[in-house]
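So that the names make sense, note that chain A is the first sequence line, chain B the second, and so on, each numbered from 1. Keep in mind that this is a model prediction, so the values were computed, not measured.
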Amino acid sequence: MRWIDVKESLKDFWFEFKRQKGGLFGIFLLALLVFTALAAPYITEPDIPKKWTTYWEGNPTNVPPVWYNYFTTKKLAAHEVLTYENLKITAEGQDLGGGVKYYAFEFDYNHKYDLPPKDLIIKNIGAQLADLNTPAQIVITVYRPDGNKIELLSADLVEGSIYQIAKMGTVRNNVFNWASQFEDPKNLQGRVETIKSTMDVMEVIFAKAEPGILINPQPLHGDYKFVVEIFTFTKGDKIDLKPVQIILTGRTYGFMGTDYKGRDLWAGLVWGTRVSLVVGVAVAVLSVLIGIAYGVTSAYLGGWKDEFMQRVNEFVASIPTLPILILLGAAFKGHVTLWTIIFLLVMFGWTGIAKVARSMALQIKEQTYVEAARALGAGTGRIIFKHIMPQIMPYAFAVMALNVPSAVLTEASLSFLGLGDPTAVTWGQILHDAQTNSATINGYWWWVIPPGLAISLVALTFVLIGVALDRVLNPRLKRL
Amino acid sequence: MAEPILKVENLKKYFPIKRGLLGALRGEPPRFVRAVDGVSFEVYKQEVFALVGESGCGKTTTGKLVMKLLEPTDGRIYLEGRDVTELKTQEEIKAYRRKVQMIFQDPFSSMNPRFRIYDVLEEPLLIHGIGETRAEREELIHKALEMVKIVPPEDYVGRHPHMLSGGQRQRVAIARALILNPTFIVADEPVSMLDVSIRAEVLELMKELKEKMGVTYLYITHDLSTARYFADWIAVMYLGRIVEMGPAKVVIDNPIHPYTRALLAAVPEPIPERRNIIKELPIKGEVPSAVNIPPGCRFHPRCVYMEKGLCDIKHPQLVEYEHNHWVECHLAGKI
Amino acid sequence: MAKTVLEVKDLKMYYFTSRGVVRAVDNVSFELKKGEVMGLAGESGCGKSSLGFTLMGMPTPPGKIVGGSVKIDGREIVGLPENVLRREIRWQKISMIFQGAMNALNPVYTIGYQMIEPLIYHKGMEKEEALDRAMRYLELVGLSPEIVYRYPHELSGGMKQRVIIATALILEPEVVIADEPTTALDVVVQAQIINLMKKLKKELGLSMIFITHDLSILAEISDRVAIMYAGKIIEIGDSQKIYYEPAHPYTQKLLAAIPRLHEDVDKLEFIPGQPPNLINPPSGCRFHPRCPYAMQVCKEQEPELKEIDKDHYAACWLL
């Protein structure tokens, strides 16, 4: 096949293919997917695959996407992370006398949502203590827009201390006590302990100071100022505020929300594109190539060798793929890699195309021009590669495209069942985690629907392309 | 007299019919399609030897045996004096193919529709390693096209077969057969699928090339008129055997075998006065299958002159009826 | 005087393809009388098969009848809606024996089933009656009536072609069009089929248009012959006149190209060049590029069919 021939064939092919609207749309989708897959490190972070198996500190868990606020009546607070630059430092090492040093900083928060952040986490305060027996002290106070102030916390501060307002028992007590002054005593009667333990601390902090604050808190919008004061007592204690991180754990996060490990599902979706495309295309291409080689050889050998090869083909074809893969996956649970999956899927996937390729080769073999080539003295190799293969290859491309969706789905199924590669970021795996963490029951729709849609999208892309290719390239439909 | 270019001795080709498991178990004897059942002839240099007969008579199979596209069940083939019946090695077979080439009946299906004319003609050169550079091969291809009067060759080498007319395609097929400068060409119904007005052109060309290049032809056809025009010798085949053989004009003007006579009577002739007269065809029934060959003279069930007791029991021998005119019939000369 | 069963006037059928308009049938006129066989001859691509299909009212898509008239037994069929054509004209007034029809027999149905289908649907016959008729027609074409129970693969080529002929006649049409009916057959079988057609011509008064490129076969059966070139009839007339006194150079050359069985011909003549492209046919007389006698007027003006002799017309400026 000369380059001019190839170029000409491509030109003819493109002319035909252009008329397939579905195919063009499929190409467009494919371009999108490939772009997403390649640009994954740039759209999200480059180290996602490594991070994926860990908990994502600092992310809210099980929260829906940010844009969800457009669709709900109750606006949910976004996730915010404040660092040293966002803080207003009011005192840094102020000497109060008696060996006491004073540090203070404050930050503002404008609450405009119906539900405040899930949690307020203050961490990474660099505390170098000369004497560990005399830790530093930290006092956190919040000044509300209605003039009230709540002393949330007064506690020890050491290196590595993390303060989680919503989770700390002392804070809970403090908030409850503060709030009870506004609450209707009737609401509290006999239920003090229950209310104290089940209340959402953050909601109360950000609620209107009125009766009902503890049982049905209404949001108080406005500017809140948080003041953090740190006292050190020992000479030589050093407080470094630079690495400070203040996390206002949002009730929403990111483009696609988070899962139970706080993982950004958008990152998961984007990176999952790589796996789907690689697995889908690799399996489709390899199985078709192997299938064609097998089928053409079988047809060309003829006789009992052909019969034998066909029986082998039928045997492999009749093996139920999914159950076997499940068994293998269960047997090697945890040690399965993506390449293993690709290998197995190819092992089971070549049989269909082999049969078709064999029929095609048989027909071509009987053509007069093949006999003429033999009469000229052509050997087997020449006949197969110059006469038979060029007729089969175009059809092979159509089959490759159509095989991708099934490969993608099988891989997703395996991952979903927990038998996939545990280190890879795949959509099936996300769905697996969703299922094991009762995502559907809990209504975490952002965890369940997008991965499923993504799988369908890849399948759709290749089906569109494959059907269009088939219409253009299928020799039976050719009017040469 | 010089050696014949091609000599075929008692050539046989039987195709076995599959019995199926039950048949084999029951011990049924294997059955065969006796496509070629003992054929012998000689072709001398620059002669055109025509094998004439209806479909199923074995002429195409004989051609393929001579081409060695099929292996004979029995008999021998000699090319230029050498026994070529059994060729073992790839080199021997390839060398044979350089000397013996074929022109097929269907000018369309005998060329790969995806090839350009250039590729079609380059293939034999590539297979046999003729012309080391592209330029050399291109020149040979252009020369071949010029020889078959496809000019200018540059205009045609880039086209695909379906862009040419039937006559042009067949001329390309002839060019492909000739490009290796073979000694012998087997032409299997080369003009049957062309219009009558084009046949003349192609046959003329083949005649010319015979003179110019010194090739010898085995011309396989069912059309006696073109055989008369193109061939020097005619052998009439029926059910795998040659029933009459001789110089073309002798066989056509003085047919001895009843089958030859029937064939000649059946040939349509442009004589419109006879259009309402039912043509007399001295032949009965239909061609039987080559599996159940009638006993005795295989033509006897269809022969209007058949003599019971003789023709249905004893197989006739091929005898030289008159000088160089051979007939296989008990009643030769008596009818 | 025998009645005219088919009258064609100025018929035009063009194929509207993406590459241009192919003028396959361009102003064709002729008449066919009852019991007459008219041969239609020409090289491949001259439009003769297209003409056959057009007469059936079914030009192959993308072909369309763009003008002229076709009257079968006095009834105009150009312009008739498809359902009328299907219900009343096709197979009943005019039927066709297609090229390679014997290979178009459905292998999974018996011969009888395929033959009686038109009888049951078009004439509303009962199965018994239809089968009876099928058997009669099989006998008419020289086959044993019990063939109705056989399958196509059990029959030889010649037998299948006889079945096709019987099927074409079964509704007793006025006109039968035979498109290369013997091309795929052996010479003996071909002669037998031609004999059959001669017999049917005599016994049934069969009116037929016999389309072929082989002039020898045409002579065997045609009463009149029309020679087509590039979509036009360039010579038409009584067979004997055409064969022995061909007027048009093309006809002369066609006849000279036939190899003769019992004559010694030094060199067969052939016509140089190829039939023209029907999208852009040559100007003037369409044959002029290949004609050895071409004159200036031939390049400019198209000649009309002129009466040269009694029942002999040709379109050539030489005459």
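- Below 4.5 Å, heavy atoms of chain C meet heavy atoms from B/Ala266, B/Val267, B/Pro268, B/Glu269, B/Pro270, B/Ile271, B/Pro272, all part of residues 265-272 of chain B.
- Residues from residues 284-293 of chain B that place a non-hydrogen atom less than 4.5 Å from a non-hydrogen atom of chain C comprise B/Gly285, B/Glu286, given in numerical order.
- With sequence neighbours left out, B/Lys64 forms a salt bridge (Lys or Arg N to Asp or Glu O under 4.0 Å) with A/Glu371.
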Take B/Asn276 and C/Lys201 through the test side chain to side chain donor-acceptor pair (under 3.5 Å) and record every step on the way to the result. CA-CA 9 Å; B/Asn276 289 319; C/Lys201 183 174 152 186; 2.9 Å; yes

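- Residues B/Glu273 and C/Tyr244 bring a donor and an acceptor atom of their side chains to less than 3.5 Å of each other.
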Apply side chain to side chain contact (heavy atoms under 4.5 Å, CB included) to the pair C/Val188 and B/Arg302, showing each step before the final yes or no. CA-CA 12 Å; C/Val188 173; B/Arg302 304 181 74 194; 4.3 Å; yes

Taking it one step at a time, do C/Val187 and B/Leu263 satisfy side chain to side chain contact (heavy atoms under 4.5 Å, CB included)? CA-CA 7 Å; C/Val187 65; B/Leu263 273 187; 3.5 Å; yes

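- With B/Arg228 contributing its side chain and C/Leu261 its backbone, the two residues share a donor-acceptor pair below 3.5 Å.
- Using a 4.5 Å cut-off between non-hydrogen atoms, the part of residues 233-260 of chain B that approaches chain C consists of B/Lys249, B/Ile252, B/Asp253.
- At a 4.5 Å heavy-atom cutoff, the contact between C/Lys199 and chain B is made by backbone and side-chain atoms alike.
- Of the atoms belonging to C/Gln190, it is side-chain heavy atoms, and not backbone ones, that fall under 4.5 Å from chain B.
- Look at C/Glu220 and B/Lys279 and you find a salt bridge, because one of the NZ, NE, NH1 or NH2 atoms lies within 4.0 Å of a carboxylate O, short of that distance.
- A side-chain donor-acceptor contact under 3.5 Å links C/Asp186 to the backbone of B/Ser55.
- Heavy atoms closer than 4.5 Å to chain C are found in the side chain of B/Lys207, but not in its backbone.
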